[in-house]
Amino acid sequence: TKPFTIESIRAVVERGIEHINLQRENIRLREVANLKRITEALGSTLELNEVLKVVLESALSEVQGDFGAVLLDQKDQRRVSLAATVGSAQSIDLSILYPPHFHERWREGSKQPLLCADGETPGFHGPLWNHPARRSAMSVPLRAKGEFIGVVHVSREESPAPFTDANLQTLDMIAAQATFAIENAK
């Protein structure tokens, strides 16, 4: 075997660092492209359903999810409304699965970003978390003027790979943009 020189090791390390930097730049470019798409949708319509659909499609594309939903908090009525869905699990009846006595627990549990792999569930009842086909799921809160107004939920049903913390951060960034759209469209 041939001994390695410091120069050859340095060259390999530099190529590795360059490769990692290019991967990070590609991720940032994809995020910016999705944010641009959301921003364009915001500028072209104030129709809530259309805006939510664009937000969910962007989120699913960015994190390679199979199903996305926006749940809005109807605090005064002690219920959750399913404002929009995109993807494979669109037949979820929240009226049965989110009864009023679970509402406050759902609100409190949903105020923080959540990430669950297959078999894990958050500390509160929820149909999107307990869906039988779910392999991995995450949700991030929507806040308007500091107030909790709902969540963006994304899940994977096809891919065996669980979501990562980076996916959760990306979804959080998309949700921040979505909040402006929701408030403007209301």
Side-chain angles (χ1 to χ4, degrees), residues 1-45 50-71 84-89 109-122 128-129 133-146 148-184:
T1 62
K2 180 170 120 177
F4 294 104
T5 65
I6 291 178
E7 290 80 25
S8 66
I9 293 172
R10 180 178 291 136
V12 169
V13 169
E14 286 174 354
R15 280 195 306 269
I17 290 170
E18 183 178 337
H19 179 72
I20 289 170
N21 287 337
L22 286 173
Q23 284 180 326
R24 287 180 181 157
E25 185 63 26
N26 283 338
I27 290 168
R28 280 192 286 268
L29 286 172
R30 274 199 344 258
E31 288 173 350
V32 167
N34 273 326
L35 290 176
K36 180 180 182 285
R37 187 173 148 203
I38 292 169
T39 303
E40 287 173 348
L42 299 180
S44 67
T45 184
E50 192 174 324
V51 169
L52 293 177
K53 183 178 178 190
V54 169
V55 167
L56 288 173
E57 287 171 349
S58 295
L60 291 177
S61 169
E62 185 61 35
V63 301
Q64 290 97 38
D66 301 310
F67 171 74
V70 174
L71 304 173
T85 62
V86 171
S88 55
S110 297
K111 288 182 179 180
Q112 298 297 320
L114 296 168
L115 178 61
C116 292
D118 193 14
E120 298 176 338
T121 56
L128 299 179
W129 294 102
R134 178 187 65 81
R135 296 192 177 189
S136 182
M138 60 183 171
S139 71
V140 295
L142 293 167
R143 286 187 175 78
K145 300 174 188 157
F148 174 78
I149 62 168
V151 298
V152 175
H153 177 92
V154 175
S155 63
R156 284 184 178 159
E157 297 169 4
E158 306 291 325
S159 172
F163 288 119
T164 64
D165 287 333
N167 294 138
L168 189 63
Q169 289 174 348
T170 299
L171 185 61
D172 198 32
M173 201 168 67
I174 291 170
Q177 287 293 88
T179 300
F180 296 116
I182 293 167
E183 284 304 296
N184 287 337

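Being a predicted model, the structure only gives us computed values, none of them experimental.
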Scan the side chains in residues 11-20 for donor-acceptor partners under 3.5 Å anywhere in the protein, sequence neighbours excluded, and list what turns up.
| unit_1 | atom_1 | unit_2 | atom_2 | d |
| --- | --- | --- | --- | --- |
| His19 | NE2 | Gln23 | NE2 | 3.3 |

Heavy-atom side-chain contact between Cys116 and Arg134 under 4.5 Å
yes
If you measure from CG on Asp172 to CG on Asp165, what distance do you get to the nearest 0.5 Å?
11.5 Å
Check side chain to side chain donor-acceptor pair (under 3.5 Å) between Thr170 and all other residues, then give those that pass, not counting sequence neighbours.
Glu31
Minimal heavy-atom distance between Arg156 and Gly65, with the atoms involved, is CG-CA, 4.2 Å
Excluding sequence neighbours, so at least two apart, what forms side chain to side chain donor-acceptor pair (under 3.5 Å) with Thr164?
Asn167
Surrounding CG of Leu22 (heavy atoms of other residues, nucleotides or ligands, distance under 6.0 Å), is the total greater than 12?
yes
When you compare the side chain of Val152 with that of Ile174, does any pair of heavy atoms fall below 4.5 Å?
no
Looking at Glu158 and Arg135, what are the two nearest heavy atoms and their distance?
O-NH1, 3.5 Å
CD of Glu120 to OG of Ser136, rounded to nearest 0.5 Å, is 8.0 Å
For Glu25, which residues count as a side chain to side chain donor-acceptor pair (under 3.5 Å) partner, sequence neighbours excluded?
Arg28
What residues, two or more places apart in sequence or in another chain, satisfy side-chain contact (heavy atoms from CB on, under 4.5 Å) together with Leu168?
Pro113, Leu115, Met138, Val140
So how far is it from Ser139 OG to Gln112 CD, rounded to the nearest 0.5 Å?
10.5 Å
In Å and rounded to the nearest 0.5 Å, what is the OG to CG distance from Ser61 to Leu56?
12.0 Å
Can you tell if the side chain of Val154 reaches within under 4.5 Å of the side chain of Phe163, non-hydrogen atoms only?
yes
I'd like to check the side-chain contact (heavy atoms from CB on, under 4.5 Å) partners of Gln169; sequence neighbours left out, ordered by chain and number.
none
Can you find a heavy atom in the side chain of Val55 that is under 4.5 Å from one in the side chain of Gln177?
no
Within this structure, what is the OG1-NZ distance for the pair Thr85 and Lys53, rounded to the nearest 0.5 Å?
10.0 Å
Nearest heavy atoms of Lys111 and Pro141, plus distance in Å:
O-CG, 3.5 Å
For Val70, which of Val51, Val151, Leu142 qualifies under side-chain contact (heavy atoms from CB on, under 4.5 Å)?
Leu142
Pro122 and Leu114 have their tightest heavy-atom pair at CB-CD1, 4.1 Å
